[in-house]
There are 2 protein chains.
Amino acid sequence: MHAIEDAPGLRERKKRRTRDALIRSALELFSLKGYEGTTVDEIAAAADVSQRTFFRYFTNKEEVALSVQLMAESRFFAAFLERPAAESPLTALRTAVLASWDGIEEAIEAVVPLELHVRTYGMIQETPQLLAAHLRRLAELEDRLAAEIARREGLPPQDPRPRILVAAFSGVMRETSKLWADAAGGDFSELRGTTAAYLDQIGPALAENWRS
Amino acid sequence: MHAIEDAPGLRERKKRRTRDALIRSALELFSLKGYEGTTVDEIAAAADVSQRTFFRYFTNKEEVALSVQLMAESRFFAAFLERPAAESPLTALRTAVLASWDGIEEAIEAVVPLELHVRTYGMIQETPQLLAAHLRRLAELEDRLAAEIARREGLPPQDPRPRILVAAFSGVMRETSKLWADAAGGDFSELRGTTAAYLDQIGPALAENWRS
DNA sequence: GGTCAAGTGGCAGTGGCTGACATAATCTCG
DNA sequence: CGAGATTATGTCAGCCACTGCCACTTGACC
């Protein structure tokens, strides 16, 4: 009994299965009938639980739609925390994104088919309510990143530079993510190249004259 | 008859009065009992119309909370469109913001007391649902700004630089707006100084080394 | 004044979401 | 293993945002 640490009991395993079933059912229904065209009752029924139980796993309908995305964001933030202090903030952000994409396809596939996730991402961009919720969470992430950068660099919390840098970085990420969902069928190797190229544009973007 | 062009008929004047009454009632109730603690029925009752009529003026409850903010954004975008092509994008953005603040206090007071608007702005930052809706609209504004900049500069729409610049700029604006709502009681003259100072940080924020 | 269009109210219905309570499934420990 | 504590689930009642529909009223225009 004092053997393996992470042997989850039956209860935990069941919870995880229910949660995954809810996510899968939800994303499939969304991609089939649209976000607004799908009711929570239908999702719950498809996952074989009551509506009440759905709301015990997700605080609202938005959350299940964004759940996979949330995982990717957590991975990225965790990767960022591991960057050595020697790296400049922008370099650390860049390295963290690329690192967080290692093995992400497998992590996604553990919950839903990758292709379904890509379709979901496109749906988020097109559904005002979801886009709003998504952007709010990104703003929270930006807050945490800026705070962490200020800490790393030993800056006072009022210094605006971390926030500005993070805003520019976040703008790039939003842009490349959109391209990724639109164009490719979700190939991450292609995304890497685009992202790197776009990040290289942050410097030039702030130069006064672009017409050279 | 063929006399003054913009003499609004009784019908139009009544609509405007109803709309303004709804906004005032809503913001007052929000600031009194909070956003979620206020029902649309209460707002409608306070403005002496039916709930059904409320939803003819605003597509949802969020919209009335953000209505004054929307006006400020429209002013800014209009001001930006008037900037001469000779100005660099960042300069044009900067000048447009400051210009759009001329006379804005009067424009706000025409609908609600300025102090109520300031409190509302604070509420938006604290209410997740409102913050989400607000950020989504800002993202739309960023899209339009980036498109306009690309046009001005004769860049192809895929060029990422306008978006990056706008993202950084928008980050500054979000930050200063927050400070404005928190600290001062809504004094715009102070806001001008802070904004200018923060905008000057955009360049340095992208420099590799901050510890100089 | 009469007609036409536009604004309004009332009502019924859908769907997201919550609190309360009872039941059923795991867990824990003797 | 089994009784009792914990925790997950289902059911039900209810609030509130929001919508479609239809009847009614009120400005607009000749």
Side-chain angles (χ1 to χ4, degrees), chain A residues 1-23 25-26 29-30 32-67 127-130 132-133 136, chain B residues 1-23 25-27 29-30 33-67 127-130 132-133 136:
Chain A
M1 292 314 135
H2 51 299
I4 310 157
E5 271 294 20
D6 45 21
L10 172 56
R11 192 172 262 169
E12 289 304 314
R13 270 181 290 136
K14 245 185 170 176
K15 279 208 306 195
R16 159 140 221 148
R17 269 204 330 237
T18 305
R19 192 187 142 85
D20 288 357
L22 281 170
I23 296 177
S25 306
L29 285 168
F30 290 160
L32 199 64
K33 327 183 0 176
Y35 178 73
E36 281 141 5
T38 306
T39 70
V40 174
D41 284 293
E42 289 168 338
I43 300 169
D48 232 345
V49 295
S50 71
Q51 191 227 43
R52 195 67 183 81
T53 293
F54 174 92
F55 284 112
R56 287 202 178 93
Y57 281 88
F58 303 95
T59 64
N60 49 46
K61 196 173 141 188
E62 290 159 12
E63 202 179 298
V64 68
L66 300 175
S67 55
T127 311
Q129 194 189 149
L130 288 180
R136 204 209 60 199
Chain B
M1 310 297 168
H2 49 300
I4 310 155
E5 271 294 20
D6 46 22
L10 172 57
R11 193 171 262 169
E12 287 306 312
R13 268 180 291 137
K14 243 183 171 177
K15 279 208 303 195
R16 159 138 222 150
R17 261 193 294 142
T18 305
R19 192 187 142 85
D20 288 356
L22 280 170
I23 296 176
S25 307
L27 299 197
L29 285 168
F30 289 160
K33 327 182 0 174
Y35 177 74
E36 280 142 5
T38 306
T39 70
V40 174
D41 285 292
E42 290 168 336
I43 300 169
D48 231 349
V49 295
S50 71
Q51 191 226 42
R52 195 65 186 82
T53 293
F54 174 93
F55 283 112
R56 288 200 177 94
Y57 281 87
F58 303 96
T59 64
N60 50 46
K61 196 172 140 187
E62 290 161 11
E63 201 178 298
V64 68
L66 300 175
S67 55
T127 311
Q129 194 189 147
L130 288 180
R136 204 208 58 199

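Only a predicted model underlies this, so the values are computations on that prediction, with no experimental measurement involved. Values below: all heavy atoms of this structure, side chains included; hydrogens, waters and symmetry mates excluded. Numbers restart at 1 for each chain; the letters A, B, ... are given by sequence-line order, proteins then strands.
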Does the side chain of B/Thr53 get closer than 4.0 angstrom to OP1 or OP2 of C/dT8 through an N or O atom?
no
Expressed as a whole number of angstroms, how long is the span from B/Gln51:CD to C/dG13:C1'?
13 Å
If only side-chain N and O atoms of B/Tyr57 are considered, is one of them under 4.0 Å from the OP1 or OP2 phosphate oxygen of C/dT8?
yes
Mapping A/Val40 and A/Arg56 onto DNA chain C by nearest heavy atom, which one lands closer to the 5' end?
A/Val40
Report the distance from atom CD of B/Glu36 to atom C1' of C/dC17, rounded to the nearest whole Å.
12 Å
Send over the distance from A/Arg17 CZ to D/dT9 C1', rounded to a whole Å.
15 Å
OP1 or OP2 of C/dT26 under 4.0 Å from side-chain N/O of A/Lys14
yes
Separation of C/dT14 P from A/Asp41 CG (nearest whole Å)
12 Å
Apply side-chain contact (heavy atoms from CB on, under 4.5 Å) to the pair A/Phe54 and A/Asp41, showing each step before the final yes or no.
CA-CA 9 Å; A/Phe54 174 92; A/Asp41 284 293; over 6 Å; no
Determine yes or no for a side-chain-to-main-chain donor-acceptor pair under 3.5 angstrom, with B/Thr39 supplying the side chain and B/Glu42 the backbone.
yes
I want to confirm an ordering. Mapping B/Glu12 and B/Phe55 to their closest nucleotides on DNA chain D, which one lands closer to the 5' end?
B/Phe55
By nearest heavy atom, map B/Arg11 and B/Phe54 onto DNA chain D; which one lands nearer the 5' end?
B/Phe54
How long is the line joining CZ of A/Arg52 and P of C/dG19, in whole Å?
7 Å
Which whole-number value in Å describes the distance from B/Leu10 CG to D/dT25 P?
18 Å
Do you know the tightest heavy-atom contact between B/Thr38 and B/Ile43?
CG2-CG1, 3.8 Å
Reckon A/Lys61 has a side-chain N or O less than 4.0 Å from the OP1 or OP2 of C/dC17?
no
Roughly how many Å is it from CG in A/Asp48 to P in D/dT9, rounded to a whole number?
12 Å
List the steps and the verdict of side-chain contact (heavy atoms from CB on, under 4.5 Å) for B/Glu12 and B/Arg16.
CA-CA 6 Å; B/Glu12 287 306 312; B/Arg16 159 138 222 150; over 6 Å; no
How long is the line joining CD of A/Gln129 and P of D/dA17, in whole Å?
15 Å
Any chance you could lay out the side chain to side chain donor-acceptor pair (under 3.5 Å) test for A/Thr59 and A/Glu63, step after step, and finish with the verdict?
CA-CA 7 Å; A/Thr59 64; A/Glu63 202 179 298; 2.7 Å; yes
